Number of protein chains: 2
Amino acid sequence: MKKTRVTIKDIARELKISASTVSRALQDHPALKKETKEAVKTLAEKWNYRPNAMALNLLRQTSTTIAVIVPDITSHFFSAAVTGIQDIFVSSEYNIMICISNESYEEEALIIENLSKVQIAGVLVAPASTTLDFDHFRKLQKNDIPLIIFDRDCEGFEAHKVLVDDYSGAFEAVEYLIKSGCRKIAHITGASNLSTNNHRLQGYIDALKKNNIPILEEHIIQASGFTHEDGIQPTELLLRSNNIPDAIFAVNDRLAVSAMRTAKKLKFRIPEDIAIIGFDDEPHSSYFTPALSTVWQPVYSMGMLSARILLHEIEKEEESKEFRHEVFKTELVLRGTSKKIQGDF
Amino acid sequence: MKKTRVTIKDIARELKISASTVSRALQDHPALKKETKEAVKTLAEKWNYRPNAMALNLLRQTSTTIAVIVPDITSHFFSAAVTGIQDIFVSSEYNIMICISNESYEEEALIIENLSKVQIAGVLVAPASTTLDFDHFRKLQKNDIPLIIFDRDCEGFEAHKVLVDDYSGAFEAVEYLIKSGCRKIAHITGASNLSTNNHRLQGYIDALKKNNIPILEEHIIQASGFTHEDGIQPTELLLRSNNIPDAIFAVNDRLAVSAMRTAKKLKFRIPEDIAIIGFDDEPHSSYFTPALSTVWQPVYSMGMLSARILLHEIEKEEESKEFRHEVFKTELVLRGTSKKIQGDF
DNA sequence: AATCTCTATGCAAACGTTTGCACGAATATG
DNA sequence: CATATTCGTGCAAACGTTTGCATAGAGATT
């Protein structure tokens with residue numbers, strides 16, 4: 001089964017020289033005479049010699065593996081972020097290892113526990129929605145493994161962070177709904193311990209406050225998950241209540257799409273009877289009828305920046321205690337599920 | 001910066017015993033007396049000792065890293081397949097490394113070239129659409145690195161393969177369109193060297209043949225890519241021709257969705273004027289209006305099976321020359337973009 | 001008292017690579 | 001001709017771990 005690879009020793013034996021000479025020849029060491037170098041290089045090429053990364057890493061006490069921990073990769077959000085990360089590391093000597101936590105704190109902690117057995121150079125993590133405790137992250141920091149938190153903030157935990165300005169994104173979206181004439185704006189929110197959800201909720205609340213619109217508890221409904229199915233029940237609740245809203249701001253596109261279909265089913269006209277704005281701008285969101293208005297996030301860039309920061313952390317020499325904190329701006333994308341602002345033209 | 005980890009030697013020094021004894025104590029070697037074992041284990045626990053995977057792999061001449069090469073992870077298809085793969089390996093000692101080829105043969109070959117520097121235990125690959133040459137895969141096989149090809153077949157290249165019965169999936173879909181009364185069925189296909197596309201095309205052709213419907217070249221249009229945008233032009237071409245089809249079978253959901261929107265824009269009624277069937281059954285496909293009829297593929301299971309076969313290949317002892325060839329069945333999912341079969345009730 | 005058998009532990013080699021130091025030979029300088 | 005310098009190469013250690021073999025000490029048998 002196992003055919004062993006060509007090693008430096010094999011080349012040395014064949015050429016009747018020492019392993020050190022082979023090693024130096026391959027590195028173009030100036031002290032060697034060129035005939036030796038050439039002989040070595042020719043044979044190395046012919047035998048398809050590849051240095052053993054494990055031996056090197058052992059010697060150097062380093063690793064070239066980066067771990068990326070995400071809650072899920074089937075959502076466009078994280079798969080695009082991972083693509084951004086990958087696109088940075090692909091041209092480096094590092095390899096990325098993707099780990100999926102399935103939005104579970106336990107799995108996330110287990111992943112980190114397993115990672116500590118393997119040598120890793122650094123970790124990028126978008127915490128699971130059920131992660132409330134950060135000791136597993138602290139353990140990494142204590143072992144001097146650079147850690148970058150992205151997308152989802154861990155409040156009260158210090159680390160390098162790359163986030164999106166969810167608050168402003170939500171604020172802008174809700175304020176737009178108000179300007180377009182909506183007065184009873186509901187919000188479908190998600191898991192309450194996720195910073196992204198909370199910031200969007202706060203943006204929603206503050207936009208209403210600023211415009212002197214009362215905040216109604218009955219108009220803030222929490223969906224039980226992130227998928228399409230999870231949007232049906234909250235929407236039905238809203239549209240069958242005795243205080244029917246005239247707009248829904250959903251915490252993500254999937255829930256917004258689901259709200260849209262549910263509203264249609266209940267014979268609401270969109271956006272006349274009920275306007276809808278989502279969050280994420282997934283690639284297919286513009287293909288619904290009407291096309292979904294939503295808040296775009298620079299996911300790919302966020303992935304790239306996170307990766308760049310990690311790379312810098314791994315390679316920097318000086319010890320520094322300062323943590324970077326980067327926040328990306330969102331963009332409101334207006335399409336068919338929101339009304340136009342009156343008299344804007 | 002670098003705080004070195006606790007090693008077996010550190011423990012040995014502290015306890016004034018040899019490294020071998022520590023190693024044996026941690027493995028519960030029967031020759032050691034229990035006081036020694038306990039002392040070692042207690043200290044190892046206290047100091048949070050973790051074996052150095054690199055040293056072990058170097059010693060054993062093995063690796064616990066599996067590479068997964070996919071053309072793209074932002075599509076639901078591959079992200080779901082990768083999730084299936086991950087779910088198998090997560091409970092094993094292996095870690096997976098995700099590599100993205102961006103549908104490019106060059107990048108794919110480069111990835112394999114880079115992988116050969118790192119020690120890897122095995123490779124799972126869904127070849128890029130531009131991959132016509134398989135020498136990079138052969139190189140892996142020559143080095144005894146187990147290789148599994150999934151989703152996309154490489155005709156003329158022998159390896160373990162886990163595929164989907166695209167032919168039957170397409171055949172069924174087209175035959176359904178015929179049974180529901182369509183007679184002028186067009187097909188939007190994709191890159192012509194992709195086995196999946198070709199098998200779907202062949203399924204389309206054979207379904208027409210079987211039902212004595214002439215195959216019109218003008219009704220087979222190749223989209224230039226896989227994204228939504230790539231579906232617009234082919235659809236316009238079809239619907240503005242002087243031989244307008246009454247159904248479109250698209251090679252994937254994205255193109256189908258795009259065809260749907262384009263048809264709507266041109267005032268066609270769906271499915272009365274033009275029926276549409278896609279391929280993939282992406283999670284949001286049922287949320288369009290009308291909901292998209294499509295062909296479901298067991299992607300997640302395909303990922304899992306591929307991973308299981310690889311695991312078996314890596315761990316098996318005996319050399320065997322036989323390649324496994326697994327084919328999954330698809331399922332036709334009928335929703336709003338296709339007509340009902342007359343008199344079926 | 002001499003030999004034998006356990007028991008518990010240590011030694012050293014091995015995995016593949018790099019690199020500081022040393023060394024022999026050839027060449028240059030006095 | 002003796003010494004110094006340069007050139008090309010090899011030795012050995014190091015990284016962390018495992019494991020076959022050796023061995024020291026204790027107790028048992030003759």
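We name chains A, B, ... by the order of the sequence lines, and we start the count at 1 in each one. Please read these numbers as outputs of a predicted model, since none were measured by experiment.
As a whole-Å value, the separation of B/L59 CG from D/dG20 C1' is 13 Å. In this entry the distance linking CD of B/Q61 with P of D/dT18 reads 16 Å, nearest Å. C/dT9 atom C1' lies 17 Å from atom NZ of B/K16, rounded to whole Å. Residue B/L58 contributes atom CG, which lies 14 Å from atom P of D/dC15 at whole-angstrom precision. Regarding A/L15, its CG atom lies at a distance of 11 Å from the P atom of D/dT9, rounded to whole Å. Atom pair A/Q119:CD and D/dC15:C1' shows a separation of 11 Å (rounding to whole Å applied). Residue B/R24 contributes atom CZ, which lies 9 Å from atom P of C/dG10 at whole-angstrom precision. Atom-to-atom, NE2 of B/H29 to P of D/dG20 comes out at 9 Å; the value is rounded to the nearest Å.
Checking B/A55 against B/T21, the closest nucleotide of DNA chain D that is more toward the 5' end is the one next to B/A55. Where A/R50 and B/K37 meet DNA chain C, the nucleotide closest to each residue was compared, and B/K37 sits on the side nearer the 5' end.
Considering only side-chain atoms of B/S18, the nucleotide from C/dC15, C/dC11, D/dG10 that sits closest is C/dC11. When the nucleotides D/dG10, D/dT9, D/dT17 are ranked by their closest atom to the side chain of A/A31, D/dT9 comes out on top. Closest to the side chain of A/S20, from the set D/dG10, D/dT18, D/dG16, is D/dG10. When distances run from any side-chain atom of B/I17 to the nucleotides C/dT18, D/dT17, C/dG10, the shortest one goes to C/dG10. For B/K9, the side-chain atoms get nearest to D/dG16 when compared with the rest of C/dT18, C/dG10, D/dG16.
Backbone-only contact: A/I8 has heavy atoms under 4.0 Å from sugar-phosphate atoms and none from a base. Within the nucleic acid shown, A/R60 comes within 4.0 Å of sugar-phosphate atoms alone, with no base atom in reach, counting heavy atoms only. At a threshold of 4.0 angstrom between heavy atoms, the contacts of A/L56 are confined to the sugar-phosphate backbone, with no base atom among them.
The aromatic rings of B/F78 and B/F150 lie perpendicular to each other, with more than 60° between the two planes, well past the 30° mark.
Between B/Y105 and B/H136, the distance separating the two ring centers is shorter than 6.0 angstrom.
Salt-bridge formation is detected for the pair B/R152/B/E103: a Lys NZ or Arg NE/NH1/NH2 atom is positioned less than 4.0 Å from an Asp or Glu carboxylate oxygen. Between A/D10 and A/R5 there is no salt bridge, since no side-chain N of the basic residue sits under 4.0 Å from a carboxylate O of the acidic one. Between A/E113 and B/R50, at least one side-chain nitrogen of the basic residue sits less than 4.0 Å from a carboxylate oxygen of the acidic one, meeting the salt-bridge criterion.
One finds no side-chain N or O of A/S23 lying less than 4.0 angstrom from the OP1 or OP2 phosphate oxygen of C/dG16.
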